[in-house]
Amino acid sequence: MLSSASLTGLAARGVAVPAYPRDGSPGVVHLGLGAFHRAHQALVFDRLLASGDSRWGVLGVAMRNPALSQALAAQDHLYSVQTASAQERSWRVSGAIWRSCVAAESPQTVVQAMAAAATRWVTLTVTEKAYTPALADLLVQGLRARRAVGLGGLTVASCDNLSGNGRQLRAICLAAANAPAHGADDGLADWIAAHCAFPNSMVDRIVPAASGVTSAEAAQALGVPDQAALRTEGFWEWVIERNFADDTDAAALSAVGVQVVDEVAPFEEAKLRLLNGSHSAMACIGALAGLPVISDCIAQPAVYQLVHGLMTHELGPLLRRPDWPDYRDALLQRFANPTLQHSVHQIATDSSQKISQRWVPSALAALQASLPVERLAFAAACWLRYCRGVDEQGRAYALADPLADTLTALARAAGDDLDTLVATLGCLPAVWGAVLPAHPGWLPRVRHWLGRIQAEGLMVSAGAVR
Ligand code: CS2
C-alpha cells in the first residue's frame with residue numbers, strides 16, 4: 001500500500017514525491033474531496049509546500065461519503081496522479097492532503113478546523129447543486145467559532161463551475177449569518193463581510209472520476225497499490241480574483257502558476273461556455289449514440305464539426321476572453337485526449353443544474369446579438385431526448401440528477417409527442433429560466449432538431465446542423 005514509508009522507493013522509480021513535512025496543522029480546509037480537487041488545487045498546494053511554504057497543507061473534507069476519506073487515511077493521505085496524453089505519461093504523488101474527515105459524520109471537526117489558528121483558507125468543490133442553506137450554515141458556524149476565539153477572517157474560495165462562484169457563496173453565507181438561527185443581530189454578518197474574502201475563480205482541468213483502470217496502472221507504475229489514484233491531462237488553469245483575507249497570498253499563488261486577476265468573469269465565461277457547454281452537449285450526444293467517452297464523441301466527424309461550429313459561431317464571438325480562439329483550439333485537442341477516458345454519463349450527471357450555467361446565457365446572448373443558435377438548440381434537443389433514459393439502440397440508463405424523478409416523469413408523459421416534450425421539459429424554469437423559453441427564436445428550433453433526431457437519427461442530424 002502507498003504510504004509515507006514507500007516514498008523513498010518511489011523516488012528511485014522516477015515518480016515525483018513530496019519531500020516536505022506533513023505533520024503540522026493544515027492551513028486549508030477543503031470541502032468536497034472528489035477527484036477534481038485532488039488533481040487541481042491540491043497539486044497547486046503541493047507545489048507551494050514543496051517550495052518550503054508550509055501554510056498550504058489541506059484538511060480534506062468529504063461532504064457525505066466516507067469511502068475516500070477511509071482509503072486516503074489508510075495510505076497516509078498520499079495518492080498518485082498520472083498526467084497523460086497520447087504522447088507522454090508521468091506520475092506524481094501528492095502530499096498536500098494531511099488529514100481528512102466526513103462533514104456529515106463530524107461537522108464539529110470542520111467547524112473546529114475553521115476556528116484553528118493555522119487555518120487561512122477554505123476552498124470548495126461541492127458541485128453546483130450543493131450551494132444550499134445547509135452548506136452556508138456549516139461555513140457560518142465555522143466563521144462564528146473563529147470570531148469567538150478572536151482570530152482574523154479567512155479566504156473562502158469557491159472552485160465550483162458556477163458563474164460568479166465567490167459572489168454566490170458570499171451571498172448565501174451572509175444570508176445564513178443574518179438568519180435568526182445564527183442570532184441575526186450579533187454582528188456576525190458584518191464581521192464576515194469585513195474580514196473574510198470570497199474571491200471569484202475559474203478552475204480548469206479535465207479530471208475523470210477515479211477508476212479501476214487507473215488504480216491498476218498506478219499499482220504497476222508505483223510498485224505498490226494506491227486505492228485513490230487519479231489521472232488527468234497536462235493542461236491546468238486557475239484564475240482567481242485579487243481578493244484575499246491576506247493580500248500577500250497573491251504573490252505566493254502567482255509564483256506557482258495561478259493567475260491572479262482583477263476580473264475573473266471573462267475567463268469564467270469562456271470556460272463555462274466553451275469547455276463545459278461543449279462537454280454537456282457531447283455528454284448527451286454520447287449517451288444517446290452509445291459513445292461512452294468524450295474522445296469517442298469528438299472522433300466522430302459530425303460531432304467535431306458540431307462542437308467546432310458551436311464554439312466558433314455561437315459561443316466564441318460573445319466572449320470577452322481575448323484569446324478565445326486559442327482556448328477553443330486547445331479544447332478540441334484536450335477533448336480528443338484518448339488517455340482520459342472521460343465518461344459521458346459522468347458529465348451528464350446533474351445536467352439540470354448545469355444547463356443554466358453552460359447553455360442558457362450563451363443562447364440568450366446569441367439571440368440578442370442575432371447570432372445563430374442552431375447548435376445550442378440541437379444540444380437542448382439532445383438533452384430532452386436524453387431525459388427519456390434510453391439510447392438510440394434501446395439500451396436503458398439511469399439519470400443521475402437531483403431532478404431525475406421529475407425529468408423522467410415528464411419524458412414518460414410526453415412519450416413520442418415531441419410538442420409536449422418541448423412544452424414541458426423544454427420549459428422547466430429551474431433549468432431554462434423564464435426568458436429563453438419565451439423567446440420566439442428558441443423553442444421552434446429545439447422542436448425542429450428534436451424532430452430530425454427522431455426521424456433521421458442523432459449522428460445524421462448532428463451532421464446537418466449549420
Ligand atoms: C465537466 C467538468 O463533469 C462535468 O460536468 O464538464 O467537470 C469539466 O471536466 C471541468 O470543469 C474541466 O475543468
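Numbering of ligands and ligand atoms starts at 1, following listing order.
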I'd like to check which ligand 1 atoms, numbered from 1 as shown, lie under 4.0 Å from a non-hydrogen atom of [X].
X: Arg205; answer: 10 (C), 12 (C), 13 (O)
X: His342; answer: 9 (O)
X: Asn161; answer: 11 (O)
X: Lys354; answer: 3 (O), 4 (C), 5 (O)

Kindly state whether the ring of [X] and the ring of [Y] have centres lying under 6.0 angstrom apart.
X: Phe45; Y: His30; answer: no
X: Trp359; Y: Trp383; answer: no
X: Phe335; Y: Tyr304; answer: no

Exercise for the section: For ligand 1, find out whether one of its N or O atoms is nearer than 3.5 Å to an N or O atom of Gln346. Expected result: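 No, there is no polar N/O contact under 3.5 Å.
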Exercise for the section: Could you tell me whether some N/O pair between Asp204 and ligand 1 is separated by less than 3.5 angstrom? Expected result: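 Yes, Asp204 has an N/O under 3.5 Å of an N/O on ligand 1.
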Exercise for the section: Answer with side chain, backbone, both or neither: which part of Arg358 has a heavy atom less than 4.0 angstrom from an atom of ligand 1? Expected result: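 For Arg358, the contact with ligand 1 is made by the side chain alone.
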Practice task
Select one of side chain, backbone, both or neither to describe which atoms of Thr349 lie under 4.0 Å from any atom of ligand 1, heavy atoms only.
Solution key: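 None of Thr349 does.
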Write down the atom of [X], the atom of [Y], and the distance for their closest heavy-atom approach.
X: Met459; Y: Ile285; value: CE-CG2, 4.2 Å
X: Leu288; Y: Tyr386; value: CD2-CA, 3.8 Å
X: Arg334; Y: Asp204; value: NH2-OD1, 2.9 Å

Exercise for the section: Report the nearest protein non-hydrogen atom to atom 2 (C) of ligand 1: residue, atom name, distance rounded to 0.1 Å. Expected result: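 Of the protein heavy atoms, Asn276 ND2, 3.6 Å lies nearest.
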Practice task
Starting from atom 1 (C) of ligand 1, locate the nearest protein heavy atom and write down its residue, its atom name and how far away it is, to 0.1 Å.
Solution key: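 In this structure, atom 1 (C) of ligand 1 has His279 ND1, 3.4 Å as its nearest protein heavy atom.
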Handout entry: Per atom 11 (O) of ligand 1, closest listed option by heavy atom (Met202, Lys271, Arg334, Gln357)
Key =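 Closest candidate by heavy-atom distance is Lys271.
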Handout entry: Gap between atom CZ of Arg452 and atom CG of Leu418 - 0.5 Å precision
Key =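 Output value for this atom pair is 14.0 Å.
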Handout entry: Option among Glu128, Glu269, Glu268 that satisfies the salt bridge (Lys or Arg N to Asp or Glu O under 4.0 Å) test with Arg358
Key =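 The option that passes is Glu128.
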